[in-house]
**Q** 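One structure, pasted below without further comment.
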Amino acid sequence: MLDKRYYLSKMSIFDVLTPDDLNELDHISPMTHFNAIPKGSIIQKPDTARDGLFFIKEGKVRLYKTTSDGKQFTVVILGKGNVFGEIDTFSFGTKGFYIETMDQTLICSVPKQAFENFLAERPLLAMKMLTELSKVLKYKDEMLEKLALGDVRDRILHLLLDLSNRFGIEDEGNIRIDLPLTHQDVANMIGATREAVSVILKTLTKSDVIQTGRKTISISPVKVAEILELTYS
């Protein structure tokens, strides 16, 4: 059984900390969830957000909103090493969102006041936190912009290209997205119906733009980029 210090030391955001710093952080970081949280678990609703920071040790989560007709729009996807939550010094803008695990996920939480005190004495860590915050905000803006443009096909292509860039694995000339994805999962991310997504994924498969398996999707980044370039040129 691996302890928290191991996971904390593997997070790039904490690479400026000394072993003594990690020990101290270990002591102020209660293990909110030690066992893996199953895929599809809602760990936050808009009205249940708690103060504090949450560090993803393993797995991935998505932050999404719902429309009046019940459709879901994914705003940001966070993976291993990412942070979400709110303290006085840093707000990752995650209140008001649903947060759902996309696969088995390990999360460690840090209480608000304890981390504020810890951070105040470590300016290098504060700079790393600012960098992480900037990345998350930029990603959220880009995701929202892409989801606001184009039809369902274009939104699917933007999503798959983004996921392949962030969570992709080389697979015989294509990029396999290292994330279990059903048609309903894709629909939930872009605010579409499963039926519409299934039709488009089938068409993209026939055109050899993507390859699908049991909860897996691989893409040809070149073909996806060509389609999007033609659409917006």
Side-chain angles (χ1 to χ4, degrees), residues 37-54 56 59-79 82-86 90-105 107 132-168 177-205 209-210 212 215-217 219 224 227-228 231-232:
I37 307 169
K39 175 187 174 181
S41 299
I42 305 295
I43 59 177
Q44 176 183 290
K45 296 181 179 180
D47 58 349
T48 63
R50 294 175 295 163
D51 285 334
L53 292 180
F54 301 84
I56 302 172
K60 303 173 187 70
V61 302
R62 72 182 182 106
L63 280 64
Y64 69 90
K65 285 184 173 289
T66 58
T67 62
S68 58
D69 58 355
K71 290 181 180 177
Q72 300 177 6
F73 281 91
T74 296
V75 178
V76 65
I77 296 170
L78 303 176
N82 285 141
V83 187
F84 62 91
E86 317 280 335
F90 293 98
S91 171
F92 284 86
T94 53
K95 285 186 176 178
F97 291 93
Y98 290 90
I99 301 180
E100 179 185 27
T101 56
M102 299 185 70
D103 53 12
Q104 286 199 125
T105 304
I107 294 174
E132 179 70 12
L133 175 59
S134 297
K135 288 179 182 178
V136 171
L137 294 177
K138 180 183 178 191
Y139 179 66
K140 284 170 63 177
D141 289 344
E142 290 176 349
M143 179 72 88
L144 286 171
E145 180 182 357
K146 290 171 183 175
L147 289 179
L149 298 174
D151 55 18
V152 174
R153 185 202 66 167
D154 292 345
R155 300 206 304 267
I156 290 173
L157 291 173
H158 277 302
L159 174 70
L160 296 181
L161 187 60
D162 179 76
L163 292 178
S164 72
N165 287 334
R166 301 185 69 225
F167 307 115
I177 298 170
D178 186 26
L179 191 65
L181 288 173
T182 65
H183 291 192
Q184 186 63 60
D185 290 333
V186 175
N188 288 343
M189 290 184 205
I190 65 167
T193 64
R194 183 188 59 78
E195 292 77 12
V197 167
S198 294
V199 169
I200 292 168
L201 290 179
K202 186 175 181 180
T203 300
L204 293 172
T205 301
V209 177
I210 69 171
T212 59
K215 295 186 178 182
T216 64
I217 297 179
I219 75 166
V224 171
I227 293 172
L228 292 174
T231 301
Y232 296 101

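Each residue takes its place number in the sequence, starting with 1. What's counted below: heavy atoms across the whole structure, side chains too, no hydrogens, waters or symmetry copies.
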**Q** Hey, could you give me the CD1/CG distance between Ile156 and Leu161, rounded to the nearest 0.5 Å?
**A**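 The CD1 atom of Ile156 sits 13.5 Å away from the CG atom of Leu161.
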**Q** Got a sec, which residues hit side-chain hydrogen bond (donor to acceptor under 3.5 Å, both in side chains) with Ser198, two or more places apart in sequence or on another chain?
**A**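 By the side-chain hydrogen bond (donor to acceptor under 3.5 Å, both in side chains) rule, Ser198 matches His183.
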**Q** Give every residue pair that meets the side chain to side chain donor-acceptor pair (under 3.5 Å) criterion with at least one member in residues 38-47, sequence neighbours excluded.
**A**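 Those involving residues 38-47 are Lys39-Asp185.
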**Q** Go through the structure and list residues passing salt bridge (Lys or Arg N to Asp or Glu O under 4.0 Å) with Lys202, not counting sequence neighbours.
**A**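 Lys202: no salt bridge (Lys or Arg N to Asp or Glu O under 4.0 Å) contacts found.
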**Q** Atom CD1 of Ile177 and atom CG of Leu159: how far apart are they, to the nearest 0.5 Å?
**A**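 Reported to 0.5 Å precision, the distance equals 7.0 Å.
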**Q** Do Ile77 and Phe167 touch side chain to side chain, with heavy atoms closer than 4.5 Å?
**A**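 Counting from C-beta outward, Ile77 and Phe167 do come under 4.5 Å.
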**Q** Using a 3.5 Å cut-off and no angle test, enumerate the donor-acceptor pairs between side-chain atoms of residues 186-194 and protein atoms at least two apart in sequence or in another chain.
**A**
{"from": "Asn188", "atom 1": "OD1", "to": "Gln184", "atom 2": "NE2", "distance (Å)": "3.0"}
{"from": "Asn188", "atom 1": "ND2", "to": "Gln184", "atom 2": "O", "distance (Å)": "3.4"}
{"from": "Thr193", "atom 1": "OG1", "to": "Ala196", "atom 2": "N", "distance (Å)": "3.2"}

**Q** Among residues at least two apart in sequence or on other chains, which ones pass side-chain hydrogen bond (donor to acceptor under 3.5 Å, both in side chains) with Asp51?
**A**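 Lys95.
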**Q** For the CG atom of Leu201 and the CD1 atom of Ile217, what is their distance to the nearest 0.5 Å?
**A**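 With rounding to 0.5 Å, CG (Leu201) is 5.5 Å from CD1 (Ile217).
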**Q** Quick check: do Val61 and Ile37 have side-chain heavy atoms less than 4.5 Å from each other?
**A**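 No, every pair of side-chain atoms sits at 4.5 Å or beyond.
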**Q** Can you list everything that forms a side-chain hydrogen bond (donor to acceptor under 3.5 Å, both in side chains) with Thr94? Sequence neighbours excluded, please.
**A**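 Only Glu86 meet the side-chain hydrogen bond (donor to acceptor under 3.5 Å, both in side chains) criterion with Thr94.
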**Q** Could you grab the distance from atom CG of Leu157 to atom CG of Asp162, nearest 0.5 Å is fine?
**A**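 Between Leu157 CG and Asp162 CG, I get 12.5 Å after rounding to 0.5 Å.
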**Q** Considering non-hydrogen atoms only, spot the tightest contact between Gly85 and Leu53 and give its length.
**A**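 Looking at all heavy atoms of both residues, the shortest contact is C-CD2, 3.9 Å.
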**Q** Asp178: which residues meet the salt bridge (Lys or Arg N to Asp or Glu O under 4.0 Å) condition with it, sequence neighbours left out?
**A**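 Salt bridge (Lys or Arg N to Asp or Glu O under 4.0 Å) check on Asp178 returns nothing, list empty.
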**Q** Apply side-chain contact (heavy atoms from CB on, under 4.5 Å) to Thr205 and list each qualifying residue two or more places apart in sequence or on a separate chain.
**A**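 Applying side-chain contact (heavy atoms from CB on, under 4.5 Å) to Thr205 gives Ile210, Thr212.
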**Q** Could you work out, with salt bridge (Lys or Arg N to Asp or Glu O under 4.0 Å) as the rule, every residue matching Lys215, not counting sequence neighbours?
**A**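 If we apply the salt bridge (Lys or Arg N to Asp or Glu O under 4.0 Å) test to Lys215, skipping adjacent residues, there are no hits.
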**Q** Measure across Leu78 and Val83 and return the closest heavy-atom pair with its distance rounded to 0.1 Å.
**A**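 For Leu78 and Val83, the tightest heavy-atom pair comes out as CD1-O, 3.9 Å.
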**Q** List the residues meeting ring-ring contact (aromatic ring centres under 6.0 Å, His included) with Tyr98, not counting sequence neighbours, and say none if there are none.
**A**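 Only Tyr64 meet the ring-ring contact (aromatic ring centres under 6.0 Å, His included) criterion with Tyr98.
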**Q** Would you say the side-chain atoms of Thr66 pair up with the backbone N or O of Gln72, donor to acceptor, closer than 3.5 Å?
**A**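 It does not hold such a pair.
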**Q** If you apply the rule side chain to side chain contact (heavy atoms under 4.5 Å, CB included), what do you find for Ile219 with Val209, and how did you get there?
**A** CA-CA 6 Å; Ile219 75 166; Val209 177; 6.0 Å; no
**Q** Tell me, which pairs form a salt bridge (Lys or Arg N to Asp or Glu O under 4.0 Å) where one or both residues lie in residues 59-69, sequence neighbours left out?
**A**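 Counting only pairs at least two positions apart or across chains, the salt bridge (Lys or Arg N to Asp or Glu O under 4.0 Å) contacts touching residues 59-69 are Lys60-Asp103, Arg62-Glu100.
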